[in-house]
Amino acid sequence: EPEVTQTPSHQVTQMGQEVILRCVPISNHLYFYWYRQILGQKVEFLVSFYNNEISEKSEIFDDQFSVERPDGSNFTLKIRSTKLEDSAMYFCASRSTLQSSYNEQFFGPGTRLTVL
Amino acid sequence: TQLLEQSPQFLSIQEGENLTVYCNSSSVFSSLQWYRQEPGEGPVLLVTVVTGGEVKKLKRLTFQFGDARKDSSLHITAAQPGDTGLYLCAGENSGGSNYKLTFGKGTLLTVNP
């Protein structure tokens, strides 16, 4: 069964460093998302991406964040200068446009980002 | 800002018991999705409900979407230890056609043998 994959599973970085989190969405999906979950808190929307551009971003998604779909299969989230409060699980998700699976959004296993 | 309230936050029951968890909002959603999340893993989609009043069954799990599409419930019959986990509801907002999800905080279910 097709699935969303994410790498790395765990990323440890020093404060101020740049990190890139990678995702491979389900093929033929056209909507892509990043969410984050701080330990013990609820899953929060960061950004949605469709037709090679950001369609919506939350207040969390400030100028330090960017997303890219560089090659038609990967979908990346970059944090330019990490802060301690960026430590969280980051989930990538993709959504089908097929009527048979309409409205279903599938999540990857997540990348645990630890900022020291 | 759309909010989803889930209750109860924690639920500990014995194997064989029935339970219901609730997901409520003052906002209307175009659809509502239920996920199950294990520690350190991503949410796994259980079901999507779209139509007001819709009922879907997945083995011993029954999901219902409220008539007004503002609330939902998950009922588990004869719970088993394997049902232990965090159950999340998430409402889909079709406004602006980006279909982002708004999550509740979840219900942590423990089924004791």
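Computed from heavy atoms alone, side chains included, the values below leave out hydrogens, waters and symmetry copies. Letters A, B, ... mirror the listed sequences (proteins, then strands); counts begin at 1.
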| query | With respect to chain B, which residue among A:Leu39, A:Val4, A:Val43 yields the maximal number of heavy-atom pairs within a distance under 4.5 Å? | reply | A:Val43

| Of the backbone (N, CA, C, O) and the side chain (C-beta and beyond), which part of A:Gln37 lies under 4.5 Å from a heavy atom of chain B, both, or neither? | side chain

| query | Around atom CD of A:Glu59, are there more than 12 heavy atoms of other residues, nucleotides or ligands at under 6.0 Å? | reply | no

| message | Membership question, hydrophobic clusters at under 4.5 Å side-chain separation (ILVMFWY): are A:Val24 and A:Tyr90 in the same one? | response | no

| note | Under a 4.5 Å heavy-atom criterion, the part of residues 102-113 of chain B in contact with chain A comprises B:Phe103, B:Gly104, B:Lys105

| field | Reported NZ-to-NZ distance for the pair A:Lys57 and B:Lys100, which is rounded to 0.5 angstrom | value | 13.0 Å

| request: Give a yes or no on whether B:Val55 and B:Val47 share a hydrophobic cluster (residues Ile, Leu, Val, Met, Phe, Trp, Tyr; joining criterion: side-chain heavy atoms under 4.5 Å apart). | output: no

| message | If I take atom CD from residue B:Gln33 and atom CZ from residue A:Phe106, how far apart are they, to the nearest 0.5 angstrom? | response | 8.5 Å

| query | A:Tyr35 versus chain B, heavy atoms under 4.5 Å apart: side chain, backbone, both or neither? | reply | side chain

| field | Spacing of A:Met89 atom CE and B:Gln37 atom CD [to the nearest 0.5 Å] | value | 7.5 Å

| field | More than 12 heavy atoms of other groups within 6.0 Å of A:Lys83 NZ | value | yes

| task | Please round to the nearest 0.5 Å and tell me the distance separating atom CG of B:Leu101 and atom CD of A:Gln105. | result | 4.0 Å

| said: Does A:Arg69, at its CZ atom, have more than 12 non-hydrogen atoms belonging to other residues, nucleotides or ligands within less than 6.0 Å? | reply: yes

| message | Do B:Phe29 and B:Val21 land in one hydrophobic cluster if side-chain heavy atoms of ILVMFWY residues count as linked below 4.5 Å? | response | yes

| task | Check the hydrophobic clustering (I, L, V, M, F, W, Y; side-chain heavy atoms under 4.5 Å; chains of links allowed) and say if A:Val67 and A:Phe91 are grouped together. | result | no

| said: For A:Asp63, I'd like to know if atom CG has over 12 heavy atoms of other residues, nucleotides or ligands within 6.0 Å. | reply: no

| request: Check the hydrophobic clustering (I, L, V, M, F, W, Y; side-chain heavy atoms under 4.5 Å; chains of links allowed) and say if A:Ile79 and A:Phe45 are grouped together. | output: no

